[in-house]
Amino acid sequence: MDCINAKFVSQKISKTRWRPVSSASLHQPDIFATGSWDNEDNKISIWSIGEHGNMDDEFEGDPQLLCEYKHNGDVMDLQFLDQERIVTASSTGAVTIFRHHQNSQTLSVAQLWDRAHHYPCDNAPCTGLVCNSPEIVTVGEDGRVILFRADHKGVMRTIENADSSTIHAVTFLRTTEVLTVNSIGQLKLWDFRQQGNEPSQILSLTGDRVPLHCVDRHPNQQHIVATGGQDGMLCIWDVRQGNVPLSLMEAHSAEMWEVHFHPSNTEHLFTCSEDGSLLHWESSTNSSVPSFLQGGRNTSVLSRSAVAPGGGNQSLTSGWLSGDSTKGHLETTHMLPSQNLSVNSLDVLDQCLVCGTDGEAIYINRQVPV
């Protein structure tokens with residue numbers, strides 16, 4: 001925890017995202033964006049942890065505000081489309097593309113789809129989005145799934161009545177397929193090549209219909225996804241095998257707001273929660289404790305397997321699919337000092353992690369052990 005920097009920003013942070021780093025770059029991420037919520041004036045802000053601006057009066061590594069722009073409504077989701085453009089989802093139902101002008105360090109609105117999500121007589125919050133440039137897919141409380149293309153003013157495709165309940169999050173599985181999670185514990189797979197408003201597959205939690213709030217796809221094995229929801233459980237799914245999760249792990253004591261696989265070291269996964277915690281999970285097929293934990297770890301979260309792993313494939317993902325900490329497959333570490341207010345969002349790239357909280361603070365860790 002010695003390598004964590006905290007920055008108090010006088011606004012509740014709903015979303016944090018690193019700017020992508022080009023594959024040719026040898027540098028670690030140094031620019032990130034934040035969005036705020038539940039403030040009198042919400043903002044989208046761009047921050048630097050590199051050598052930008054006057055660093056004399058600031059703690060080295062402390063995030064520096066580069067620019068900000070007023071955001072109409074709460075920032076419900078935020079994604080970089082590329083190194084210059086950022087897409088936001090608003091509680092007003094709007095979807096906005098902002099352009100970051102790096103020479104002048106200013107932000108401007110490049111594209112706006114006002115009231116993209118709506119009810120017959122009112123706005124409906126746009127609850128989530130995912131980008132695969134130039135395509136953008138958004139979901140909302142109105143049960144719609146909408147496909148946009150950057151630099152195209154119209155809507156490319158709308159799946160009306162995709163859900164009778166709120167859709168909370170969306171991720172790309174493949175170029176033409178997205179997966180959504182909703183407030184009754186279902187995952188729905190949508191293929192944009194198919195006409196009509198029916199999902200190609202539905203997966204769901206058995207028993208209580210616990211709302212799911214977040215979803216992320218394994219970067220290398222597209223059939224494996226992780227979800228989290230209202231009960232704080234981490235669920236691992238294999239969309240090829242059955243319609244129920246393969247692993248359920250006791251993660252948090254309150255709602256899980258985000259889950260992210262590490263984009264390149266996929267045996268690492270991160271979750272954050274309303275309970276004020278940020279967890280780092282490591283999956284390993286080795287029985288030995290990971291080297292970075294040998295000095296003692298803060299807390300080990302017990303896991304239980306919903307379904308015994310099948311087959312003899314001991315790939316890197318087998319630890320995720322078995323969900324069995326008793327055999328050394330999973331180790332879990334608390335990443336933040338103890339706090340009471342919600343950790344709403346996290347993002348991880350290379351060895352850099354950023355998260356935002358209801359405590360009006362941003363936390364940066366540039367030495368994540370992955």
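It should be emphasised that the depicted structure is a prediction, and the values quoted were computed from it without experimental measurement.
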When you group the ILVMFWY residues by side-chain heavy-atom contacts below 4.5 Å and let the links chain together, are [Y] and [X] in the same group?
| X | Y | answer |
| --- | --- | --- |
| V137 | M156 | yes |
| W281 | I236 | yes |
| L107 | V87 | no |
| V348 | L278 | yes |
| W18 | L81 | no |

Could you tell me whether the side chain of [Y] reaches within less than 4.5 Å of the side chain of [X], counting heavy atoms only?
| X | Y | answer |
| --- | --- | --- |
| I44 | T96 | no |
| V170 | V178 | yes |
| L203 | W237 | yes |
| C272 | C355 | no |
| V130 | Q79 | no |
| I46 | I86 | yes |
| H71 | K43 | no |
| C352 | I364 | no |

Identify the residue among T92, D142, N123 that makes a side chain to side chain donor-acceptor pair (under 3.5 Å) with H117. D142
Would you tell me whether [X] and [Y] have side-chain atoms, one donor and one acceptor, within less than 3.5 Å of each other?
| X | Y | value |
| --- | --- | --- |
| S48 | Q64 | no |
| E84 | H101 | no |
| S204 | R209 | no |
| R193 | T176 | yes |

For [Y], does its backbone N or O pair with a side-chain atom of [X] as donor and acceptor, under 3.5 Å?
| X | Y | answer |
| --- | --- | --- |
| R144 | H118 | yes |
| N197 | N161 | no |
| S90 | N72 | yes |
| D238 | R240 | yes |
| H262 | S264 | yes |
| E258 | L346 | yes |
| H100 | Q102 | no |
| T171 | V215 | no |
| S200 | L189 | yes |
| D275 | S253 | yes |

Please report the shortest heavy-atom distance between [X] and [Y], naming the atom on each side.
| X | Y | answer |
| --- | --- | --- |
| P245 | C235 | CB-CB, 4.2 Å |
| C126 | M76 | O-CB, 3.1 Å |
| D62 | A6 | OD1-O, 3.8 Å |
| L248 | M233 | CB-CE, 3.8 Å |
| G359 | F8 | O-CD2, 4.1 Å |
| T127 | T166 | CG2-CG2, 4.2 Å |

Distance in Å, [X] [atom1] paired with [Y] [atom2], rounded so as to fall on 0.5 Å steps:
| X | Y | atom1 | atom2 | result |
| --- | --- | --- | --- | --- |
| L147 | F192 | CG | CZ | 5.0 Å |
| L349 | R19 | CG | CZ | 11.0 Å |
| I136 | L129 | CD1 | CG | 7.5 Å |
| F148 | R157 | CZ | CZ | 13.5 Å |
| T88 | F98 | OG1 | CZ | 4.5 Å |
| T271 | M249 | OG1 | CE | 10.0 Å |

Check the pair Q28 / V21 against side chain to side chain contact (heavy atoms under 4.5 Å, CB included), numbers first and verdict last. CA-CA 8 Å; Q28 285 204 328; V21 176; over 6 Å; no
Salt bridge (Lys or Arg N to Asp or Glu O under 4.0 Å) filter on R149, not counting sequence neighbours, yields E135
So if I apply the side chain to side chain contact (heavy atoms under 4.5 Å, CB included) rule between W257 and each of S342, S345, S273, which one comes out positive? S342
Positive for side chain to side chain contact (heavy atoms under 4.5 Å, CB included) with E360, one of K7, Q11, K12: K12
Just do the side chain to side chain contact (heavy atoms under 4.5 Å, CB included) check on T34 and V9 with the steps written out, would you? CA-CA 10 Å; T34 62; V9 294; over 6 Å; no
Q83 atom CD, neighbour heavy-atom count above 12 within 6.0 Å: yes
Do H260 and F270 have ring centroids that are under 6.0 Å from one another? no
Apply side chain to side chain contact (heavy atoms under 4.5 Å, CB included) to the pair Q367 and Q351, showing each step before the final yes or no. CA-CA 5 Å; Q367 298 178 35; Q351 286 186 288; 5.5 Å; no
Aromatic ring pairing H268/H280, orientation class (parallel under 30°, perpendicular over 60°, tilted between): tilted
Between D30 and R366, does at least one N-O distance fall below 4.0 Å, as a salt bridge requires? no
So I49 and N5, side chain to side chain contact (heavy atoms under 4.5 Å, CB included) or not? Walk me through it. CA-CA 10 Å; I49 53 172; N5 288 343; over 6 Å; no
